[in-house]
Amino acid sequence: MDVLCKILSIPATLLAKVPGIGPIVKVCCTSVGQKILMALTGLSLCGFLVAHLAGNLNLFAGEEAFNGYAEKLHSLGPLLAMAETGLFGMFVLHIGLAVSTTAMSRRARTNQYEEKNSKQQGFILPNGGASNLMLVTGLIIFAYLVLHIIDMKLNLRGFESGDNKFQLVRNVLRNPMNGVFYVVAILALGVHLTHGVTSACQTLGISHPRWNKLIRILGVLFAWKIAIGFISLVVWAYATI
Amino acid sequence: MVRVASETLNSRVPEGPVDEVWDKHRFNMKLVNPANKRKFTVIVVGTGLAGGAAAASLAELGYNVKSFCFQDSPRRAHSIAAQGGINAAKNYPNDGDSIWRLFYDTVKGGDYRAREANVYRLAQVSNNIIDQCVSQGVPFAREYGGTLANRSFGGAQVSRTFYCRGQTGQQLLLGAYQALMRQVHIGKVELFARREMLELIVVDGVARGIIVRNLTTGELETHTADAVVLCTGGYGNVYYLSTNAKGCNVTAAWRCHKRGAYFANPCYTQIHPTCIPVSGDYQSKLTLMSESLRNDGRVWVPKDPEDKRNPAEIPNEDRDYYLERRYPAFGNLVPRDVASRASKERCDAGYGVGETQLAVYLDFRDAIQRDGEDAIRKKYGNLFHMYEKITAENPYQVPMKIYPAVHYTMGGLWVDYHLMSNLPGLFVLGEANFSDHGANRLGASALMQGLSDGYFVIPYTIGDHLAKAVLPKIPADHPACVEALESAQSRIDQLLAVKGTRTVDSFHRALGQIMWDHCGMARNKAGLELAISQIRELRDQFWKDVRVLGSGESLNQSLEKAGRVADFLEFGELMCIDALNREESCGGHFREEHQTEEGEAKRNDEEFSYVAAWEFHDVGDEPTLHKEPLSFPNVPPTTRSYK
Amino acid sequence: MSSESLNLTLRIWRQDGPNAKGGFRDYKLNGVSTHMSFLEMLDVLNEQLIEAGEESVAFDHDCREGICGACSLMIDGKAHGPDQATTTCQLHMRRFHDGDTITIEPWRASAFPVLRDLVVDRSAFDRIIQAGGYVSVNTGNAPDGNAIPVPGTVQETAMDAAACIGCGACVAACKNASAMLFVSAKVSQLAVLPQGKAERGERVLSMVAQMDEEGFGHCTNTSECEAACPAEISVDNIARLNREYVRASLVSGK
């Protein structure tokens, strides 16, 4: 992991030497800076999720509506390409930072405790809850993302579509292996966001004793709204046979 | 009979009206040229309020400072545990306070055994301390409008105590610690944590360095300098059980004493009235409950010693509020020495409560009824919480049980007006010196003294010494350094070589018991003489039978303790000698032979209005008494009365 | 309250020195009074060990009233033991049961190397404070204490943060061995007070840089530090540090 980390840090080291942006890169490279970037990219990706889900909910409106939406999206041409590049950048940064900060934490404690228990009161999932599952859920989401692009974007596995996105989506989801994996991955996303959204707020300093509870509730609600939204699409694929 | 030196000690207090001497003296003292300050190195031992403040302030002036502490970080010095507050004559509440009144109260509170000029200076700079601490970011309690809040404390008739909840010492210490850390960052202070001072290096009669043991590696290190500033706190742990931290010790001061520095008034110990009582023989320390609790709590015992009812069920008419009964004017707010003796008197008479019968009640029932539980929680929440954690009793419902415990030591190394000991170049600050509190310290004055000495006195007086003294460079292989190093090493070797059967703690407990029984809240001739012979015997046994395992070349906590206890075993004897010599009762020193018919302390100004400073000759050998006569032209001595 | 007595098995980490290999050793300790504090229980163990000719267990402690921050210990996997808002020295044996096996370990973090047995080196905290955890005001420079009013609520916020005792439990309890709670407490205290405002930007940047330099982990907002903190320092301070950091990154001097 440390080697991976060193490779990942090369662009940052180079960028830090560029006049003008150097100082900014430097403040972004500390533990706090990295977390802030992670929060920013995470929240941006949440924005993408909202847009993506909103678009995909067109599936419920029928074949015509969905294909219309897809066509409109693709007609954006270079704009879409730019957006996709941006999105790709966000993902890469988010994942890169995850690797880097995790490595930092590993180094911070090389000798483990014989016994370690939580002192938090109230209901905590085993092992500290969602916050301890960020890496696992992140990896699942990453795997899902790869598959998702292979199937939905590139259709490399050759699902029958008749050049019709609506059909493609339905056929991909109707593959039982895909269906199960999609649901698992989206549940992982829900867990990831359960901690991710509130944590990002905290990292960005969005916190006040008066609002913290509300932020936490809204964060969890958001996470599971998104998750339920996506799962509903899988359910839809089977329900509309 | 005690050997008495023929010449009296010169306190170097300048002539003139007490309220002008410090200002004039600051002008008369020699200054060190700003460019020359960087040529001087100063050693500061201890990082509490006095040491932290001194090290930071001297470094700010440009001196090179080496700062030492035995703890793992300077922030852990025991000043951190002070709860109540710090006095200053700001008179913000407009209730009649003034520098003169703080001066007067402190001299009177000290039972006329302090040096007037020092106390006046203390009162004078008290205001600067508050300003300094506020600027450092010390979060003193504030009124809603943003001005500093004050409370009345420890029997003062005015509200002059500044506080940070129940953690004033912590916040003031962190302020000094941060100032010190800033200087470490700048490079003006070199920090040596986990180092214990074991010897003073004296060259041609001038203090020029110290030998310390690196507590992590066991290595002995020689550090030389142009002056040594000792800020090593008090010796309350000679009693084993006290409110002091476990590490507090007399070693640094005692080793200086053995090198020629006089030890003044060692018998003056303060027994604090409001501590959590002892509960078992495994007990390792006593916990203080802040004196501020007496502002709202009422102290009582049942009128009938056989009354074993639950305290809440005992009606008022069956309660003896003995402080209010004996001292109607001050009631529960009488000074510490008076309150402590009154509890002891009740318990000795069989009225004590609790399993051991060595406790009295401190009851908040009436205050809770009057102000509501919330108001009480706001004032004392953390103290109540602490009490409940230790005793598993809820003081909102059940009265606290308290008993006096050793808390502070007014005695210490003798210093003159410059805070320099009789050994030139050795300065002593804070609780480690004897100077400002006389025979009894008032509440919220210890923090004031530590910071006053460190921030506002030593920066001036050390310059006078450095500017005047001839200070040739001392290499680490100078014969005096080598001799000191060997002396420290041989003591460690001796401790390890005994290989006896008894643990260090068992000796410390035994010493503590002797001291508490015979040199505690009440003392008498026979008891003190007995104590001296018992201490000598215990000391012999210690050197024959102590078991210190492990080596000197690693972190060895048993060895650290053994060294400290060995010094306490020598020091305890001096305390008893001093107590025996002082044929009067004053402040924290109560001789049963000298009391009024009502059991109040009886001072003897004719014969004992002096500071007793002792010169060391040899272990077990009678020390020589040097007297510094005290005079009180500004606060004429009266019998302290709180009735 | 009457006292009961417990028979315990203690699993204690023993390590001869910084570079020695450590391991657990089991000790039986009988007749422990429930009134004892945890450290008094260890005192009793040490007395017995010395009598039996074994070197005592080294552990840091000093004030024994919960304020100096010297005591540490991971007790059954919990920093300062099972109680909330409690240091090890304030923990009492009435929290344990007859027959219990208690596992006692030192704080574990790369930035807190073990010196011996249960003693660790926490000087990293001092170096973080050296980097900027102060107000740069020389002795004698201060204006009157009331010259700058500080609203009671601001002072309370500062005091809440200032209550940190620097024990390191936050680092010990954090799965990433992050020192964010400690650092943020000092950053917060001085950022909210008018006296500390002048240096707030430089302060947060240097303290964070030093924190990283010392090898602490990063914060994943699990709040485990808050639960372990004997001084009840809130993770709200971490959010404030983050805010200060963003602010300083955008507008600070250099």
Side-chain angles (χ1 to χ4, degrees), chain B residues 56-57 60 71-73 75-76 78 80-81 90 92 128 130-132 134-137 139 141-148 164-165 167 170-171 174 178-179 181-182 184-185 193 216 245-247 279-280 282-285 287 386 389-390 392-393 455 459 503 505 547 549-550 554-555 557-558, chain C residues 1 17 33 35-36 39-40 43-44 47 50-51 53 55-56 58 60-70 86 90 92 94 115-116 119 121-123 125-126 129-131 133-139 141-146 149-152 155 158-159 162-163 166 189-190 193 195-196:
Chain B
S57 302
E60 285 163 11
Q71 298 90 343
D72 69 328
S73 161
R75 66 178 292 148
R76 309 210 196 284
H78 191 56
I80 205 157
K90 283 279 194 188
Y92 284 149
N128 304 62
I130 301 302
D131 300 340
Q132 186 62 32
V134 166
S135 286
Q136 290 170 342
R142 302 257 175 181
E143 306 295 347
Y144 282 109
T147 53
L148 289 158
C164 308
R165 295 191 189 149
Q167 294 131 276
Q170 181 199 25
Q171 293 310 313
L174 293 181
Q178 286 162 205
M181 290 297 105
R182 175 172 160 242
V184 172
H185 186 62
T216 313
K246 293 296 285 176
S279 75
Y282 47 79
Q283 186 124 6
S284 62
K285 85 153 260 162
T287 303
M386 185 159 96
K389 255 190 262 188
I390 293 172
E393 287 183 345
Y455 283 136
T503 64
D505 275 1
R547 172 177 286 191
L549 300 172
S554 65
L555 196 159
Q557 293 178 327
S558 294
Chain C
M1 269 261 323
S33 159
H35 282 340
M36 277 183 197
L39 296 185
E40 283 166 350
D43 289 342
V44 171
E47 291 288 285
I50 294 168
E51 273 159 20
E55 278 190 66
S56 54
D60 263 326
H61 65 101
D62 202 20
C63 79
R64 297 210 177 187
E65 50 188 82
I67 193 77
C68 76
T86 301
Q90 293 171 307
H92 276 67
R94 60 180 82 93
L115 296 177
R116 188 185 181 120
V119 176
D121 177 1
R122 286 170 287 193
S123 54
F125 272 9
D126 288 331
I129 298 295
Q130 282 160 25
Y134 44 74
V135 176
S136 297
V137 52
N138 281 1
T139 304
N141 257 339
D144 186 84
N146 266 341
V150 182
Q155 178 270 326
M159 183 62 218
Q189 178 204 343
L190 298 179
L193 287 173
Q195 287 81 8

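Letters go in sequence order (proteins before strands), and every chain restarts at 1.
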> Under a 3.5 Å threshold, yes or no: a donor from one side chain and an acceptor from the other, between C:Gln195 and B:Ser135?
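No, no side-chain donor-acceptor pair sits under 3.5 Å.
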
> Please classify the contact of B:Leu148 with chain C as side chain, backbone, both or neither, using a heavy-atom distance under 4.5 Å.
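Both parts, heavy atoms under 4.5 Å.
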
> Which answer fits B:Ala81, side chain, backbone, both or neither, if we ask what part of it has an atom under 4.5 Å from a heavy atom of chain C?
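Both parts, heavy atoms under 4.5 Å.
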
> Within the 3.5 Å criterion, strictly below it, is a donor on B:Ser284 or C:Arg64 matched to an acceptor on the partner's side chain?
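Yes.
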
> Given a strict heavy-atom distance threshold of 4.5 Å, which part of B:Glu143 is in contact with chain C: side chain, backbone, both, or neither?
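Contact with chain C is through the backbone of B:Glu143 alone.
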
> Quick check on the interface: out of C:Asp43, C:Asn141, C:Leu193, C:Asp144, who has the most heavy-atom pairs with chain B under 4.5 Å?
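The residue among C:Asp43, C:Asn141, C:Leu193, C:Asp144 with the greatest pair count is C:Asp144.
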
> Examine whether an atom of B:Gln557 lies under 4.5 Å from a heavy atom of chain C, and if so say whether it belongs to the side chain, the backbone or both; otherwise answer neither.
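Side chain only.
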
> Considering only heavy atoms and a distance below 4.5 Å, find which of C:Ser123, C:Ala131, C:Gly69 pairs most often with chain B.
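Between C:Ser123, C:Ala131, C:Gly69, the count favours C:Gly69.
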
> Are the side chain of B:Arg182 and the backbone of C:Ile129 linked by a donor-acceptor contact shorter than 3.5 Å?
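Not confirmed, B:Arg182 side chain does not pair with C:Ile129 backbone.
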
> In terms of heavy-atom proximity below 4.5 Å to chain B, should C:Val150 be classed as side chain, backbone, both, or neither?
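Both the backbone and the side chain of C:Val150 come within 4.5 Å of chain B.
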
> Given a strict heavy-atom distance threshold of 4.5 Å, which part of B:Ser73 is in contact with chain C: side chain, backbone, both, or neither?
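Its backbone and side chain both get close to chain C.
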
> Between C:Gly17, C:Ser136, C:Gly53, C:Ser56, which shows the greatest number of heavy-atom pairs under 4.5 Å with chain B?
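With the most close heavy-atom pairs to chain B, the winner is C:Ser136.
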
> My understanding is that only residues two or more places apart in sequence, or in another chain, count here; which of them pass salt bridge (charged side-chain N to carboxylate O under 4.0 Å, His left out) with B:Asp131?
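Counting only residues at least two positions away or on another chain, B:Asp131 forms a salt bridge (charged side-chain N to carboxylate O under 4.0 Å, His left out) with B:Lys90.
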
> I'd like to verify something: which residue of C:Gly152, C:Cys68, C:Gly196 has the highest number of heavy-atom pairs under 4.5 Å with chain B?
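It is C:Cys68.
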
> Side chain, backbone, both or neither: which part of B:Thr216 has a non-hydrogen atom closer than 4.5 Å to chain C?
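The side chain, not the backbone.
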
> Between B:Asp72 and C:Arg122, does any NZ, NE, NH1 or NH2 come within less than 4.0 Å of an OD or OE carboxylate oxygen?
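Yes, C:Arg122 and B:Asp72 are salt-bridged.
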
> Under the salt bridge (Lys or Arg N to Asp or Glu O under 4.0 Å) criterion, do B:Lys285 and C:Glu65 qualify, and how do the steps go?
CA-CA 9 Å; B:Lys285 85 153 260 162; C:Glu65 50 188 82; 2.6 Å; yes

